[in-house]
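Down below is the structure, laid out as structure tokens.
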Amino acid sequence: MRSFYRPIPMLDPTRPADALTLAGGWCWFDRVEVLERGRRGEVIAAAELPAEMAGRLTAPRPRVCGLGMARPRIMGILNVTPDSFSDGGLYSDPTRAFTRAAGMVAEGAEILDIGGESTRPGAAEVDAVEEAARVAPLVAVLRAGGVAAPVSVDTRKARVAAVGIGAGAEFINDVSALCFDPAMAAVVAGSGAGVCLMHAQGLPGTMQDAPEYEDVLLEVYEALEARVAAAEAAGIARERIVIDPGIGFGKTEAHNLALLRGLALFHGLGLPILLGVSRKRFIGRVGGVPEAAQRGPGSVAVGLAGVAQGAQILRVHDVGETRQALRLWQWLAAGQEMV
Ligand code: HH2
């Protein structure tokens, strides 16, 4: 039976001499939970890890959009859609979208993620021509307007990715992990762009109907592992890949909780982890906040819990709040200010 290895991330200033550094980042670990399907986890010393897994858990991660992964990074969300669940309709006007993007960069966003199709539960598919027409002009204006942050396009479609990259985007955030559009992998491979492979079960229209897993943590891990292999086979170098467990995409609240608590398992894939929890439904439910725009504090709390497990990129709506929280969190965790 296959064993999976979840490093137990620590931040304590008293670090044992034989502890290992997690992903070249800010956490260390000297114990690892070994997980097998249908069994209780067992804790072993990090020194007992198979050498290959120890290598993958500890190796410093490649840069993403030129950004070093030895400290947490903020990806600011900008949806130019009429129907996104929290900012739908707010930025359809190009001037407002540009102002918002520039504002997010000023608040601390280091990557901008531009979306032209909502993938919230129940969302309908948007035609690729329409989606490209929403996204590409904004990407071009951001580049021309001197907004310094790299731009990511949040799309499942090859045509939108190609047009976005043509307009100056450096990264494609695909919530289907290159599964939705058979032409997507080739577009990313041929472009040199980075890519986020996010796990989703089903399509947005129906994914929340009755999502089912026997062991969500291990299944999402194996699914992402297979998508990374497929991306590599299509000619996308590992150094360009980021992974994301896809919180809320074909997952119940219990599934989300298991993924968030076990997040450090995903370091075993040897790639940077992107976490998207911002303003999501469970934050509203657990936090008692029906209004999506009011869910910033809960989103920050869950995002920091991800960072405490070594997640490198937080995809957020509330950039300034996240920045402030991260600065204080880092000051406390590292005992010094972030440089
Ligand atoms: N979540 C959403 C969209 N894209 N991409 C990644 N990598 N990870 C995520 O968790 C993720 C994502 C959904 O959030 P949002 O963009 O705010 O809403 P909508 O899909 O309604 O536009």
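On a predicted model such as this, the values are computed, not experimentally measured, just so you know. Residue numbers run from 1 in the order of the sequence given. Counting starts at 1 for both ligands and their atoms, in listed order.
Remark: Glu117 engages Lys157 in a salt bridge, criterion side-chain N to carboxylate O under 4.0 Å. Between Arg279 and Asp87 there is no salt bridge, since none of the side-chain N atoms of the basic residue sits less than 4.0 Å from a carboxylate O of the acidic one. In summary, Glu253 and Lys280 do not engage in a salt bridge, as defined by a charged side-chain N under 4.0 Å from a carboxylate O. Comment: Arg120 engages Asp83 in a salt bridge, judged by a side-chain N to carboxylate O separation of less than 4.0 angstrom. The pair Glu225-Arg2 counts as a salt bridge, with a side-chain nitrogen and a carboxylate oxygen less than 4.0 angstrom apart.
For Thr119, heavy-atom contacts with ligand 1 shorter than 4.0 Å involve the backbone as well as the side chain. Of all the heavy atoms of Asp87, none lies under 4.0 Å from any atom of ligand 1, so neither backbone nor side chain is involved.
If you number the atoms of ligand 1 from 1 as listed, the ones under 4.0 Å from a heavy atom of Lys280 come out as 1 (N), 9 (C), 10 (O), 11 (C). Numbered from 1 in the order shown, with element, the atoms of ligand 1 that lie under 4.0 Å from a heavy atom of Val175 read 4 (N), 5 (N), 12 (C). Residue contact check: Leu274 has heavy atoms under 4.0 Å from atoms 7 (N) of ligand 1. Listed by number with element, the atoms of ligand 1 under 4.0 Å from a non-hydrogen atom of Ser84 are 19 (P), 21 (O), 22 (O). Heavy-atom proximity to His317, at under 4.0 Å, picks out these atoms of ligand 1: 17 (O). Every atom of ligand 1 is numbered from 1 in the order shown, and the set under 4.0 Å from a heavy atom of Arg120 is 20 (O), 21 (O). The atoms of ligand 1 that sit less than 4.0 Å from any heavy atom of Cys196 are 7 (N).
The closest side-chain heavy-atom distance from Gln312 to Pro72 is not below 4.5 Å.
Remark: ligand 1 and Arg315 share an N or O pair separated by less than 3.5 Å (distance only, no angle test). Here's the thing with Gly276: one of its N/O atoms is less than 3.5 angstrom from an N/O atom of ligand 1. In terms of polar-atom proximity, defined here as any N/O pair under 3.5 Å, Phe85 does make such a contact with ligand 1.
Nearest to atom 7 (N) of ligand 1 by heavy-atom distance, out of Asn79, Val80, Asp244, Thr81, is Asp244.
Taking the six-membered ring where tryptophan is involved, the planes of Tyr221 and Phe266 are tilted, since the angle between them lies from 30° to 60°.
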Pair Tyr213, His255 - check ring pair (Phe, Tyr, Trp, His ring centres under 6.0 Å), show working. CA-CA 8 Å; Tyr213 303 82; His255 296 142; 4.7 Å; yes

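Remark: distances from the non-hydrogen atoms of Ser86 to ligand 1 are all 4.0 Å or more.
The CG atom of Asp154 lies 8.0 Å from the CE atom of Met75; values are rounded to the nearest 0.5 Å.
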